[in-house]
Number of protein chains: 2
Amino acid sequence: MNGTADPAIFVLLNEIAIIEHLARNQVERVLPDGLRLSHFTVLNHLVRLGDGRSLARIARAVQVERPAMTNTIQKLEARGLVRSAPNPRDGRGKLVFLTEAGRAMRGQAVAVMATALAPVPHGLTAEEIADLLGPLRRLRGALDRARDATEHAQDATADETAPQP
Amino acid sequence: MNGTADPAIFVLLNEIAIIEHLARNQVERVLPDGLRLSHFTVLNHLVRLGDGRSLARIARAVQVERPAMTNTIQKLEARGLVRSAPNPRDGRGKLVFLTEAGRAMRGQAVAVMATALAPVPHGLTAEEIADLLGPLRRLRGALDRARDATEHAQDATADETAPQP
DNA sequence: AGCTCCTTGTTCGATGTCGAACTATGTAGT
DNA sequence: ACTACATAGTTCGACATCGAACAAGGAGCT
């Protein structure tokens with residue numbers, strides 16, 4: 001009817017954008033007391049990969065600009081979920097550490113998110129979820145390289161997937 | 001090593017969120033003159049599925065709240081990319097139409113996006129892209145149903161995928 | 001008709017994110 | 001040592017999005 005069919009990659013990215021949007025909204029509705037997904041993402045990152053990291057490094061790993069991370073860390077610190085200290089090795093740097101409250105909050109968030117997302121696997125088998133991951137990681141890699149072509153970053157998001165057995 | 005392994009669905013959604021973020025940033029850097037992805041999404045929707053739709057209907061289809069769509073339509077109208085007229089059948093409603101400039105802008109945007117995303121398929125074969133789509137559509141469906149469980153919507157995002165052969 | 005409930009589009013205030021720009025510090029090259 | 005240049009963290013202004021709340025109109029029911 002129309003000659004405007006989108007390329008396959010468009011359709012795929014559109015689908016991904018919608019899924020991200022639905023998942024974000026659904027998850028943010030159940031997170032404890034106004035905790036944003038971006039806040040949780042940082043807590044989760046620090047729990048999984050270890051704390052004592054610099055703000056800039058966290059920002060690169062979770063794919064936000066540094067100003068956004070400054071904001072996020074300030075909010076987390078105001079809630080007592082993280083604390084930060086100057087880096088003794090680097091006068092510019094700042095290291096971010098989890099507090100016990102931060103670890104507890106992350107655990108609580110994981111629990112409610114798991115509950116909220118429980119109905120989802122009914123649309124997808126565990127095997128299908130696993131099968132999706134490989135190609136999606138390569139897609140992410142391709143996007144990372146395409147960005148590097150126009151910019152000049154190299155540490156990208158690699159450490160996000162590091163500790164997978 | 002740590003006892004904090006995330007459920008598979010978490011890992012999947014995290015990957016999806018990062019891909020969405022990378023793709024959005026990459027695309028918005030090449031869109032003509034400050035055109036936002038949300039603006040393009042509306043233009044693309046109207047070209048593909050037909051114009052003369054109401055603001056609320058477009059908002060549901062592209063998964064944003066009505067205030068956001070009011071803002072988007074106002075920006076598009078200020079640029080002369082769409083025009084709107086009151087719905088003669090419904091005194092509350094407002095119908096949004098594409099202008100020629102809007103159609104042209106959408107075509108131009110598709111072209112530069114295709115160029116910007118050209119390196120991406122090198123990480124993924126066309127067949128893999130196609131294979132991804134089925135499971136992802138079911139994932140979207142599952143999320144839609146999970147949302148319906150706590151809320152009360154039913155038209156969801158179905159028409160977005162309607163014209164697929 | 002009248003009443004109730006839903007839908008539409010909008011305005012408002014709050015928040016998160018971005019890019020640009022700035023200061024301070026580290027790093028490399030001469 | 002000095003002079004670039006890169007990086008860390010922050011502040012600033014712009015902007016999109018959200019949820020809540022509103023006024024206006026439609027739909028259904030008695």
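Letters A, B, ... are given to chains in the order of the sequence lines, protein chains preceding strands, and every chain is numbered from 1. In what follows, every heavy atom counts, from backbone to side chain, and hydrogens, waters and symmetry copies are set aside.
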Dot-bracket pairing map - DNA chain D, Watson-Crick plus G-U, both contacts under 3.5 Å, | cross-strand: ||||||||||||||||||||||||||||||

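We find the CG-OG distance between N71(A) and S38(A) to be 8.0 Å, quoted to the nearest 0.5 Å. Separating the CG atom in L46(A) from the CG atom in L98(A) is a distance of 4.5 Å, to the nearest 0.5 Å. Residue L132(B) holds its CG atom at 5.0 Å from CG of L136(A), rounded to the nearest 0.5 Å.
Judged by distance alone, the side chain of H39(A) and the main-chain N or O of K75(A) form no donor-acceptor pair under 3.5 Å. H21(B) places a side-chain N or O within donor-acceptor distance of the main-chain N or O of Q63(A), the cut-off being under 3.5 Å. No donor-acceptor distance shorter than 3.5 angstrom exists from the side chain of E20(A) to the backbone of I16(B), with no hydrogens or angles considered. Within the 3.5 Å criterion, the main-chain N or O of S84(B) finds a donor-acceptor partner in the side chain of E77(B). With hydrogens and angles disregarded, a donor-acceptor distance shorter than 3.5 Å links the side chain of T99(B) to the backbone of G80(B).
At whole-Å resolution of the value, CG in N87(A) and P in dG26(C) are 9 Å apart. Regarding L55(A), its CG atom lies at a distance of 9 Å from the C1' atom of dT10(D), rounded to whole Å. Spacing between atom CZ of R89(A) and atom P of dG9(D) amounts to 15 Å, rounded to whole angstrom units. Across the protein-nucleic acid pair, L35(B) atom CG and dA16(D) atom P stand 10 Å apart, rounded to whole Å. Rounded to whole Å, the distance from CG on L31(B) to C1' on dA16(D) is 15 Å. Whole-Å rounding puts the Q26(A) CD to dC18(D) P distance at 14 Å. Rounded to a whole Å, the CD atom of E28(B) is 18 Å from the P atom of dA14(D). Computed from coordinates, the L37(B) CG to dA16(D) P distance equals 12 Å when rounded to whole Å.
Following chains of ILVMFWY side-chain contacts shorter than 4.5 Å, one cannot reach L81(A) starting from L95(A), and the two form parts of different hydrophobic clusters.
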Footprint string (nucleotides 11-23 of chain C, 5' to 3'): B base within contact, S backbone only, - free, heavy atoms under 4.0 Å: B----SBSBB---

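A close approach under 4.0 Å does occur between a side-chain nitrogen or oxygen of R60(B) and OP1 or OP2 of dT8(C).
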